[in-house]
Protein chains: 2
Amino acid sequence: MSRTPLHPTREQIELPMVLDCLSDPIRLAIVYQLAQQERVSSELCCGDFYALSGKSNLAYHFAKLRECGVMQTRVAGTNRFMRLRREDLDTRFPGLLDAVLSSAAKDAERLQLLSECDVVEAD
Amino acid sequence: MSRTPLHPTREQIELPMVLDCLSDPIRLAIVYQLAQQERVSSELCCGDFYALSGKSNLAYHFAKLRECGVMQTRVAGTNRFMRLRREDLDTRFPGLLDAVLSSAAKDAERLQLLSECDVVEAD
DNA sequence: CCCTATGTTCAACACTTATTGAACTATCGA
DNA sequence: TCGATAGTTCAATAAGTGTTGAACATAGGG
């Protein structure tokens, strides 16, 4: 447990690793859900993803997403709050994340992404 | 050998499979090289990629790129001419290919992509 | 017709990956 | 302090991946 997990610096983020991260259906769903949460500027914690898989499997995917620089984890008490590293990704790979997210949105059903109905809409 | 290999239809192209394809450094280099060739509207054949890996390994990656709908192979005599399925990809996943290609171009050295010096520039 | 060039297919291998459940750690609240 | 909650870590497993070399298929040129 303990201290804040390791994250790569912006410059250390590699394109193939990011693409590989996003190519897994569960991780793509996690990223998609984080992206929707971005709009209401709050973070999500592990438990918000139980619909996708079991705890330990999620921890495995979270670790991968962190190591590849796709998301960031902030430890707060017994929770881990996660958010996309959008600014870093957009700087490093302009347009990539948005293209992936909008492509995923188009295929939301086929990809079995949780739709926006469980996300609180802002205004 | 024989008849034209199978390719998925446009609608059968899946986002995770495409991302997975592009996440392998050799396949990314192949796609990058095909994209540069696009500009001079000619095709490339297997032998043009020997710098990346051996024959049989390339055939493996070509098969994957074909199965995932990223590129198309046209049989002509003893050669196989290949090109990106840009129109299909752009329709299915708008902006994705370009974002990947320009991100790759930014990191060309790090990714060990062959630079444009071996590609004929069209003015 | 034979020889060569082009590219695929196959079997084998070492390696990585995703998934599971059980054990563990740490924090919070009663 | 005790118990519940949140999440990680570990070991085991099953399946997939990339790489290699050898064998194969096909077409073209002498």
Side-chain angles (χ1 to χ4, degrees), chain A residues 1-7 14 16-31 33-34 37 42-68 70-83 111-112, chain B residues 1-7 14 16-31 33-34 37 42-68 70-83 111-112:
Chain A
M1 227 51 147
S2 62
R3 31 232 147 280
T4 307
L6 292 174
H7 298 86
E14 304 269 7
M17 306 189 81
V18 170
L19 293 174
D20 185 51
C21 260
L22 300 174
S23 73
D24 180 277
I26 291 190
R27 288 193 294 264
L28 183 58
I30 291 171
V31 167
Q33 215 164 314
L34 285 173
Q37 205 59 21
S42 67
E43 298 160 303
L44 291 175
C45 62
C46 184
D48 295 318
F49 299 93
Y50 285 172
L52 296 173
S53 185
K55 274 167 65 158
S56 64
N57 189 228
L58 286 177
Y60 165 75
H61 288 299
F62 292 150
K64 200 132 204 183
L65 286 164
R66 253 185 272 121
E67 285 162 21
C68 297
V70 175
M71 69 175 216
Q72 201 163 29
T73 302
R74 182 175 65 85
V75 179
T78 152
N79 288 306
R80 259 102 172 123
F81 289 105
M82 310 194 249
R83 59 177 186 79
L111 296 171
Q112 294 187 265
Chain B
M1 227 53 146
S2 63
R3 30 230 148 279
T4 307
L6 291 174
H7 298 86
E14 303 270 9
M17 306 188 82
V18 170
L19 294 175
D20 185 51
C21 260
L22 299 174
S23 74
D24 180 275
I26 291 190
R27 288 192 295 262
L28 183 58
I30 292 170
V31 168
Q33 213 164 317
L34 285 173
Q37 204 59 22
S42 66
E43 299 160 300
L44 289 176
C45 61
C46 184
D48 295 317
F49 299 93
Y50 284 172
L52 296 174
S53 184
K55 274 166 65 160
S56 65
N57 188 230
L58 286 176
Y60 165 75
H61 288 300
F62 292 150
K64 199 134 206 181
L65 286 164
R66 251 184 273 123
E67 284 163 20
C68 297
V70 175
M71 69 175 215
Q72 201 162 28
T73 301
R74 181 174 66 84
V75 180
T78 151
N79 289 304
R80 258 102 170 122
F81 289 105
M82 313 194 246
R83 59 179 186 76
L111 297 171
Q112 295 187 264

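Letters A, B, ... are given to chains in the order of the sequence lines, protein chains preceding strands, and every chain is numbered from 1.
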Measure from the side chain of A/Arg27, starting at C-beta and using heavy atoms only, and say which of C/dT8, C/dA18, D/dT17 lies closest. C/dA18
Between protein and nucleotides 19-21 of chain D, what N or O pairs are separated by less than 3.5 Å?
unit_1: D/dT19; atom_1: OP2; unit_2: B/Asn57; atom_2: OD1; d: 3.2
unit_1: D/dT19; atom_1: OP2; unit_2: B/His61; atom_2: NE2; d: 2.7
unit_1: D/dG21; atom_1: N7; unit_2: B/Ser56; atom_2: OG; d: 3.3
unit_1: D/dG21; atom_1: O6; unit_2: B/Ser56; atom_2: OG; d: 3.3

Do any N or O atoms from the side chain of B/Asp48 and from the backbone of B/Cys45 form a donor-acceptor pair under 3.5 angstrom? yes
For A/Asn57, which residues count as a side chain to side chain contact (heavy atoms under 4.5 Å, CB included) partner, sequence neighbours excluded? A/Ile26, A/Ser53, A/Tyr60, A/His61
Return no unless some side-chain N or O of B/Arg66 is found under 4.0 Å from OP1 or OP2 of C/dT8. yes
Indicate whether any N or O donor in one side chain lies under 3.5 Å from an N or O acceptor in the other, for B/Arg66 and B/Thr73. yes
Going by the rule side chain to side chain donor-acceptor pair (under 3.5 Å), which residues pair with A/Glu14 if we only count those two or more places apart in sequence or in a different chain? none
Can you tell me the distance, in whole Å, between the CG atom of B/Leu28 and the C1' atom of D/dG18? 16 Å
Proximity to the side chain of B/Asp20 - top-ranked nucleotide from D/dG7, D/dT17, C/dT8: D/dT17
Rounded distance (Å) that lies between atom P of D/dG18 and atom CZ of B/Phe49: 17 Å
Rounded to the nearest Å, what distance is computed from the NZ atom of residue B/Lys64 to the P atom of nucleotide C/dT8? 16 Å
Can you tell me how far C1' of D/dT17 sits from CD of B/Glu67, to the nearest Å? 13 Å
Side chain to side chain contact (heavy atoms under 4.5 Å, CB included) partners for B/Ser42, two or more places apart: B/Gln37, B/Val40
Between C/dT8 atom P and B/Phe81 atom CZ, what is the distance in whole Å? 12 Å
Here the distance between atom P of D/dA6 and atom CZ of A/Arg80, to the nearest Å, is 13 Å
Length of the NZ-P vector between A/Lys55 and D/dA6, whole Å: 7 Å
Would you please confirm or rule out a distance under 4.0 Å between OP1 or OP2 of D/dA27 and any side-chain N or O of B/Asn79? no
Give a yes or no answer on whether the side chain of B/Arg27 reaches the backbone of B/Cys21 with a donor-acceptor pair at less than 3.5 Å. yes
Side chain to side chain contact (heavy atoms under 4.5 Å, CB included) with A/Ala59: which residues, sequence neighbours excluded? none
Provide, to the nearest angstrom, the distance between the CZ atom belonging to B/Phe62 and the P atom belonging to C/dG7. 8 Å
